[in-house]
2 protein chains.
Amino acid sequence: MPAKPLPPVFAPAGGRATIADVAEKAGVSKATVSRFLNRRDELLTPEIATRVETAIAALGYSPSPMAQALKRGRSRLVGLVVADVTNPFSVAVLRGAEKACQQAGYLLMLFNLGDDSQRERDAIQALASYHVEGLILNTLGRDEGAAAAVARQGRPVVLVDRRHANMQADFVSLDNAGAIRLAAGHLLDAGWDDLLFVTEPAVGVSSREERVAAFRAFLATHPQATGRIVEASPGAPQPLEAALREQHAAGRRPAVLASNAVITLRVADAVARLGWTFGRDLGFVGIDETEWAPLVGPGLSTIAQPTDALGRLATACLLERLQGLDVPPRQILLPGELVVRASSIRDPGVN
Amino acid sequence: MPAKPLPPVFAPAGGRATIADVAEKAGVSKATVSRFLNRRDELLTPEIATRVETAIAALGYSPSPMAQALKRGRSRLVGLVVADVTNPFSVAVLRGAEKACQQAGYLLMLFNLGDDSQRERDAIQALASYHVEGLILNTLGRDEGAAAAVARQGRPVVLVDRRHANMQADFVSLDNAGAIRLAAGHLLDAGWDDLLFVTEPAVGVSSREERVAAFRAFLATHPQATGRIVEASPGAPQPLEAALREQHAAGRRPAVLASNAVITLRVADAVARLGWTFGRDLGFVGIDETEWAPLVGPGLSTIAQPTDALGRLATACLLERLQGLDVPPRQILLPGELVVRASSIRDPGVN
DNA sequence: TTGTAAGCGTTATCAC
DNA sequence: GTGATAACGCTTACAA
């Protein structure tokens, strides 16, 4: 029988204290320490409990989540995949999710796609390899492989803002249809009846598609309004400016409905270049409230998304699933809130 | 001798494939698979190598970073503590850091303080418990405990934008003094000689303190300019507006130098409330370039921080340390870039 | 009520 | 060259 190497008698050398150090210091077994940690109340002599407790305090011990994860297969980690951290909407959601996670004792692992949908699959696998217990996905929703990757992991997933083609999962989002009705209805009420819906290329991105469809539906049910849809892609500002010019040439004052904050920036840029003024030469409402919306021109009207709630709810859904809730995929749609500023108020002095 | 339980002959049940599964499928030992993974070239019969390779492919195996971390004490994880994810500057840096990490095969673990400096210490400990190999800190820099926590971990740290009282670590930041000189010099050149430096409460936050000091120094060396420092705290917009009003009452046209984007928003707000116009009633340069700077009033002049480079360099510093580089703490200061827009051009029609 | 020992998925140190 | 085998820090039957 080979001589068993004695456990070291000295305090933890360089690294952190381990459960073995605590056990030794308290004069008990590792199992006892583990029990104290996990099921403090059950079966524990008060005397031993205090011995363990003081040992833990003395050593400044805290368990290694890595080792725990390895053993129990749970990591207290939630993966968050974000299409683009530069997008304030995503960040706002992230913030909500992060708060909720921290409150529940989870840590967030972040993977930013940088708008490169190719990497969605990598992201999911990278996160999965760290045994994240679940995923919150705010992605382009185009990567086929991603769905498969998720399915293979068998971990709960919550989709935020964008649905995913082949992914059966809880979905948390702005009520896009309602938001469009709210915005377009407001413009109509304010006297703008010539609407221009401006969006990023919509194909394949569910939230954009839904907004476009809702706009179409609005037009169909409101014959007193005329409308048009313009796709503004990053490279080419022309179509947007051209569309605006055309309207003016035809002697009309259009109102723009911007499908998100990125588009709002482009519209503001075009308007500045044309030398137009919001509220006078055109009406405007944009989806996504931003800190700068009040400062552009006379102030831009917006539909504020409940970003914080979206993030919190997404996390809440995920945590419920992690606790074993087994119901069919849910959809949670939250209403947007109209913030009226001068850009959508028709300047009485004109026309 | 108790009967050794036979390893399962079937494919990995529910979870992911492990190194043992691969070994079995390839008909070799775990050690061989591990060798193949880590030191592919050394000592490996081509035939065995291919057998392992195909087994890995067939099983879709990838090693568990958790287990690796447990074994080698390295996790390929970098912790990032951000004072406030809502701050576009922080996000921009985050983005740079994230890119660099991904390229180096590291994953970023994010902890957001939500501007609550009390949680800095918690953040560091939470991250440390996941065996992050190093930390990138963009914090308030006020938490005493945090420094101690870091020291205890003995892991490399890089400070971004804000120094930390008792922390000896690499430091990556905008050259604050240079940026202030650049901005103030530009205003002076443009004919504004009555400067108002607006900052958030500076005490204890190194970047703010440095900027204030640099502004003082600028005034000292440029007697042709007069100047004043205003602290604008979140709750009270009064001091700022009051200061602007006073200047006008005295028949002067001040120029504001905003110490960051948050202040820029407050200034723009105050200016809107006063009914003033940038470039005519006051001059303006703000630190931090934003996407909306061109759209506010006639366009706001800014000092653009090299955010992406800051993030990348911070990561680079950290990775060097992780590879064993042992030199005294470094300071990397990057220059800001002046972006001139109409807000700092003195309207020739007035005065 | 507590201790012993096996095992989570790796890597590293030996033998062979 | 390759294979046992012992860790890494923890949890959990099972034994005592």
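Protein chains get the first letters and strands the later ones, always in sequence-line order, with residue 1 at the start of each.
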I need the A:Asn138 CG to A:Leu94 CG distance, nearest 0.5 Å. 9.0 Å
Value in whole Å for how far the [atom2] atom of [N] lies from [atom1] of [X]:
X: A:Asp21; N: D:dC8; atom1: CG; atom2: P; value: 10 Å
X: A:Arg51; N: C:dT1; atom1: CZ; atom2: P; value: 15 Å
X: A:Leu44; N: C:dT1; atom1: CG; atom2: C1'; value: 8 Å
X: B:Phe36; N: C:dT11; atom1: CZ; atom2: P; value: 13 Å
X: B:Glu47; N: D:dG1; atom1: CD; atom2: P; value: 14 Å
X: A:Arg39; N: D:dT11; atom1: CZ; atom2: C1'; value: 9 Å
X: B:Ile56; N: C:dT10; atom1: CD1; atom2: P; value: 10 Å
X: B:Leu70; N: C:dA12; atom1: CG; atom2: C1'; value: 14 Å

Answer yes or no: side-chain N or O of A:Lys30 and base N or O of C:dT4 forming a donor-acceptor pair under 3.5 Å. no
Any N or O donor-acceptor pair linking the side chain of B:Lys71 to the base of D:dA7 at under 3.5 Å? yes
Any base atoms under 4.0 Å from A:Thr45, or only sugar-phosphate, or nothing? Heavy atoms, all strands. sugar-phosphate
So what does B:Leu37 touch, heavy atoms closer than 4.0 Å: a base, only the sugar-phosphate, or nothing? nothing
The side-chain contact (heavy atoms from CB on, under 4.5 Å) partner of B:Met109 among B:Leu80, B:Leu77, B:Val81 is B:Leu77
Partner of A:Val82 under side-chain contact (heavy atoms from CB on, under 4.5 Å), picked from A:Leu137, A:Leu110, A:Leu113, is A:Leu110
Check the pair B:Arg321, B:Asp170 against salt bridge (charged side-chain N to carboxylate O under 4.0 Å, His left out), reporting the backbone distance first and the verdict last. CA-CA 10 Å; B:Arg321 297 281 182 189; B:Asp170 290 333; 2.7 Å; yes
For a 4.5 angstrom cut-off between non-hydrogen side-chain atoms, does A:Ile48 reach A:Thr32? yes
Report yes if at least one side-chain N or O of [X] is closer than 4.0 Å to OP1 or OP2 of [N]; otherwise report no.
X: B:Tyr130; N: D:dG9; answer: no
X: A:Ser34; N: D:dT11; answer: yes
X: B:Gln68; N: C:dT11; answer: yes
X: A:Ser29; N: C:dT4; answer: no

Need to verify one output field. Residue with the more 5' nearest nucleotide on DNA chain D, B:Ala67 or B:Ile48? B:Ile48
Closest listed nucleotide, where the reference is the side chain of B:Arg35 and the choices are D:dT12, C:dT10, D:dA4: D:dA4
To the side chain of B:Ala31, which of C:dT11, C:dG3, D:dA4 is closest? D:dA4
